[in-house]
Amino acid sequence: MTISISRPVSNTSENDSKTAKVRESLSTRKAISQIIRERVIAAGDPFFANDSIAHHISDTEREELKKEIEGKLQGVFDSLIIDTANDHNTKETARRVAKMYVDEVFKGRYHPMPKVTDFPNAKELDEIYTLGPITVRSACSHHFVPIVGQAWIGIVPSDRVIGISKFNRIVDWVMSRPHIQEEAAIMVADTIENLIKPKGLAFVIKAQHMCMTWRGVKEPETKMVNSIVRGSFRHDPHMKKEFFDLIRAHGFGDS
Ligand SMILES: Nc1nc2c(ncn2[C@@H]2O[C@H](COP(=O)(O)OP(=O)(O)OP(=O)(O)O)[C@@H](O)[C@H]2O)c(=O)[nH]1
């Protein structure tokens with residue numbers, strides 16, 4: 001008796017060519033960071049560490065970008081000779097750090113600005129109001145370690161006002177990028193100015209840089225303070241003084 005066993009017919013040369021095509025497309029497919037970078041360059045937009053590139057990235061691409069960053073960070077941990085395959089503490093660290101960069105500490109680069117509703121300045125208020133302290137969290141561009149501090153805002157409104165919580169949201173969004181403090185202050189001031197075009201705008205930031213406390217000179221006390229004054233705060237010394245007196249009364253200068 002002859003028993004015949006039927007097997008699926010395997011067309012080896014056809015399969016080989018399919019595999020080759022998949023390999024080729026994987027090897028020639030651009031990394032998502034490259035696709036986004038080319039888009040940003042084509043638009044003529046800057047992409048320094050403290051620039052937002054959120055408007056060039058879709059939600060799906062952001063997820064893909066995190067995967068790419070995770071792979072690259074894994075390479076860093078491999079080069080640091082950490083046994084991430086067996087060390088229960090660092091097994092998922094590449095994924096965690098990629099997510100932390102894109103969705104949390106640097107979300108001001110990859111996520112759009114929070115929605116800000118503005119209202120008419122119905123009573124035509126043209127006195128100073130101040131807001132603070134606003135907790136500031138950022139990271140320095142030089143070492144990628146935290147900058148932590150406080151900020152105060154002074155406004156003399158024109159015809160539009162925004163809800164006060166939106167100032168905290170804007171500060172958080174702008175600061176959530178790698179920065180140097182001087183440029184961060186200018187960027188926050190520019191963002192607020194573009195939104196409500198106030199008659200006067202003051203922004204003061206006081207922060208401690210972990211690149212100076214945790215490493216380097218290891219100086220635990222030094223804080224950097226810088227201020228931006230525009231419009232009526234710049235032209236009128238009495239208004240400027242009133243602003244600084246007001247924020248001093250609300251904690252600026254206490255430590
Ligand atoms: N102007 C300014 N400098 C900053 C800021 N954040 C960090 N720095 C400083 O940037 C400098 C970078 O200096 P480098 O000499 O390139 O780096 P480094 O050799 O690691 O320097 P050290 O920190 O002195 O060890 C350091 O002195 C930091 O203290 C900031 O927001 N503004």
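This one's a predicted model, so the numbers in the text were calculated from it and none came from an experiment. Starting from 1, each residue takes its place in the sequence as its number. The figures that follow rest on heavy atoms only: side chains count, while hydrogens, waters and symmetry mates do not. Atoms within each ligand, like the ligands themselves, are counted from 1 in listed order.
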* Aromatic rings Y101 and F106: how do their planes relate, parallel, tilted or perpendicular, breaks at 30° and 60°? ->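 Answer is parallel, since the angle falls under 30°.
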
* Would F233 and F244 count as a ring-ring contact (aromatic ring centres under 6.0 Å, His included) if you check the C-alpha gap in whole Å, the side-chain angles of each, and the deciding distance to 0.1 Å? -> CA-CA 10 Å; F233 289 112; F244 279 97; 8.7 Å; no

* Asked: Judged by atom type as modelled, is there a donor-acceptor pair below 3.5 Å linking the side chain of E182 to the main-chain atoms of N226?
  ->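 The answer is no, because no donor-acceptor pair under 3.5 Å joins these two groups.
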
* To do: Mind running side chain to side chain donor-acceptor pair (under 3.5 Å) on H56 and E61 for me, showing each step along the way?
  => CA-CA 10 Å; H56 293 294; E61 288 172 335; over 6 Å; no

Give every pair formed by an N or O atom of ligand 1 and a protein N or O atom closer than 3.5 Å, one pair per line with both atom names and the distance to 0.1 Å, or write none.
residue  : atom   : partner : partner atom : Å
ligand 1 : 1 (N)  : E182    : OE2          : 2.7
ligand 1 : 6 (N)  : H209    : ND1          : 3.1
ligand 1 : 10 (O) : H142    : ND1          : 2.9
ligand 1 : 20 (O) : H143    : NE2          : 2.6
ligand 1 : 20 (O) : R215    : NH2          : 3.0
ligand 1 : 23 (O) : R215    : NH1          : 3.0
ligand 1 : 25 (O) : R215    : NH2          : 2.9
ligand 1 : 31 (O) : Q181    : N            : 2.6
ligand 1 : 32 (N) : E182    : OE1          : 2.8

* Asked: If we ignore angles and hydrogens, is there a donor and acceptor under 3.5 Å between the side chains of E38 and Q34?
  ->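 Q34 and E38 do have a side-chain donor-acceptor pair below 3.5 Å.
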
* To do: Decide whether D87 and T84 meet the rule of one side-chain donor and one side-chain acceptor closer than 3.5 Å.
  =>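 The answer is no; no qualifying pair exists.
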
